[in-house]
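Any value given below was found using the heavy atoms of this structure, including those in side chains, with hydrogens, waters and symmetry copies removed. Read the numbers this way: they start at 1 and go in the same order the structure lists the ligands and their atoms.
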Amino acid sequence: MSATFDDIIDADERIEPRDDMPDAYRRTLIRQIAQHAHSEIIGMQPEGSWITRAPSLKRKAILLAKVQDEAGHGLYLYGAAETLGVSRDELLDALHDGRQRYSSIFNYPTPTWADMGAIGWLVDGAAIVNQVPLCRCSYGPYARAMVRICKEESFHQRQGYELLYTLAHGTPAQKRMAQEAVDRWWWPSLMMFGPPDGESTHSAQSMAWKIKRHSNDELRQRFIDMAVPQAEILGLTLPDPDLRWNPGRGHYDHGEIDWSEFKRVLAGDGPMNAQRMAHRRRAHEDGAWVRAAASAYAAREEGA
Ligand code: 3HC
């Protein structure tokens with residue numbers, strides 16, 4: 001007798017597209033994978049706007065490679081979502097009409113070059129902490145997409161850290177620019193991990209189904225514990241006066257996160273929400289002819 005969905009989950013094995021699965025499992029995976037993909041695509045905007053303004057050819061080439069990687073991550077993830085019986089067009093429609101989300105983190109501005117470093121170190125660093133456990137997600141296509149994405153994310157994080165290190169050990173103006181960028185990105189990076197566990201709608205079920213392997217607060221704490229010593233090596237300070245090592249907990253205690261800001265950004269009222277969505281919709285419209293040409297070509301090849 002073939003294993004049931006619960007047998008496979010209990011055995012810590014993988015659910016594959018053709019396996020029986022509860023509708024709710026399918027729905028929450030479509031929700032999470034789609035929002036992850038949308039985040040990768042929207043996430044190209046903050047950094048893409050600096051490609052033409054990079055301070056050197058080397059930095060331009062690195063940033064170009066990173067932004068191209070993010071596009072690829074989006075395509076892997078849309079591909080993983082499509083194995084659940086939903087089309088990319090449906091997912092993009094859901095993003096464009098606000099029925100699906102993208103990560104709050106990309107609704108913040110990038111006013112200086114140092115923001116490229118802070119995004120790489122903090123945002124991609126947080127993404128790695130969140131995504132490594134997803135390599136063990138119970139849904140096969142998602143877990144496998146994550147393995148390759150995580151390898152590329154480590155380059156993203158390292159290039160950002162090295163960029164900030166260079167600025168922090170440069171002129172006083174460069175160090176100030178780096179510190180101001182870290183001040184802008186620290187708290188929004190902590191919000192990337194989702195609301196506090198007590199307010200998480202999906203965590204309990206997602207953990208029972210082994211989609212989510214750790215809670216939002218656990219991963220947030222893991223990220224904080226990793227970032228504090230790195231900030232010390234950078235010679236930059238993190239904008240939280242309550243950050244201090246708690247030997248009893250074996251973790252860093254930290255200040256209160258402003259969850260009202262998180263809720264405002266999720267409700268569409270962040271600093272850049274309108275710009276990000278207007279840019280996304282315009283890019284989708286401008287790309288309609290490419291999609292039409294690709295479909296016409298595919299139809300002709302099929303008919304040939
Ligand atoms: N931004 C936007 N929405 C968020 C959010 C965030 N940072 N954190 C939580 N939410 C939303 C959830 O989507 C959910 O709303 P919904 O029911 O409308 O979908 C609600 O807030 C409650 O949150 P939950 O904790 O119950 O939701 P999840 O169990 O889905 O946990 C998550 C949230 C931890 C973000 C989880 O979805 C996840 O791990 N997703 C995969 C990773 C991901 O999407 N990362 C996005 C970052 S972008 C990125 O990594 C790109 C890199 O190149 C920088």
Side-chain angles (χ1 to χ4, degrees), residues 24 27-48 65-74 76-78 80-81 94-95 98-108 116 118-137 139 142-143 145-146 148-157 159-160 185 187-220 222-223 257 259 261-270 273 276:
R27 275 198 309 274
T28 207
L29 277 169
I30 290 172
R31 174 191 64 84
Q32 177 166 329
I33 299 172
Q35 295 186 158
H36 197 162
H38 298 330
S39 304
E40 302 281 3
I41 299 302
I42 299 276
M44 293 167 70
Q45 290 185 33
E47 292 168 312
K66 178 179 191 302
V67 172
Q68 283 175 326
D69 281 351
E70 309 297 9
H73 296 176
Y76 302 150
L77 289 164
Y78 285 128
L95 170 66
R99 284 176 289 122
Q100 280 182 346
R101 303 179 186 282
Y102 59 92
S103 184
S104 51
I105 193 68
F106 296 120
N107 289 307
Y108 291 84
M116 297 303 103
I119 287 179
W121 173 44
L122 293 173
V123 176
D124 289 87
I128 290 170
V129 170
N130 164 277
Q131 290 174 172
V132 165
L134 285 171
C135 297
R136 292 185 297 114
C137 164
Y139 187 59
Y142 193 25
M146 279 292 107
R148 170 134 183 217
I149 288 176
C150 286
K151 286 193 181 108
E152 292 173 347
E153 290 295 358
S154 58
F155 145 62
H156 298 175
Q157 197 252 6
Q159 64 81 36
W185 289 93
W187 292 105
S189 297
L190 300 190
M191 296 175 198
M192 276 175 76
F193 293 93
D197 292 350
E199 293 172 36
S200 172
T201 347
H202 303 287
S203 283
Q205 184 61 74
S206 289
M207 290 179 83
W209 280 332
K210 298 181 183 172
I211 295 170
K212 207 178 233 185
R213 292 295 189 156
H214 303 278
S215 78
N216 298 356
D217 288 334
E218 269 178 84
L219 292 181
R220 194 178 353 261
R222 189 178 291 183
F223 171 68
I257 295 171
W259 292 112
E261 174 182 329
F262 177 71
K263 289 186 179 112
R264 271 199 316 278
V265 174
L266 259 63
D269 189 24
N273 292 58
R276 297 292 183 233

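- Expressed to the nearest 0.5 Å, how far CE of M192 lies from CG of N130 amounts to 7.0 Å.
- Residues E218 and R222 are not paired through a salt bridge, judged by the lack of any N-O separation under 4.0 Å between the basic side chain and the carboxylate.
- Protein residues with a heavy atom under 4.0 Å from ligand 1 are R31, Q32, Q35, H36, S39, E40, E70, R101, Y102, S103, S104, F106, V123, D124, A127, N130, Q131, L134, Y142, E153, M191, M192, F193, G194, P195, S200, T201, H202, K212, N216, F262, L266.
- Proximity of K263 to L266: side-chain heavy atoms (C-beta onward) are nowhere separated by under 4.5 Å.
- By the 4.0 Å N-to-carboxylate-O rule, R220 lies close enough to D217 to be salt-bridged with it.
- Among residues two or more places apart in sequence or in another chain, the ring pair (Phe, Tyr, Trp, His ring centres under 6.0 Å) test is passed with Y78 by H38.
- Here CG of N273 is found 11.0 Å from CZ of R264. Values are rounded to the nearest 0.5 Å.
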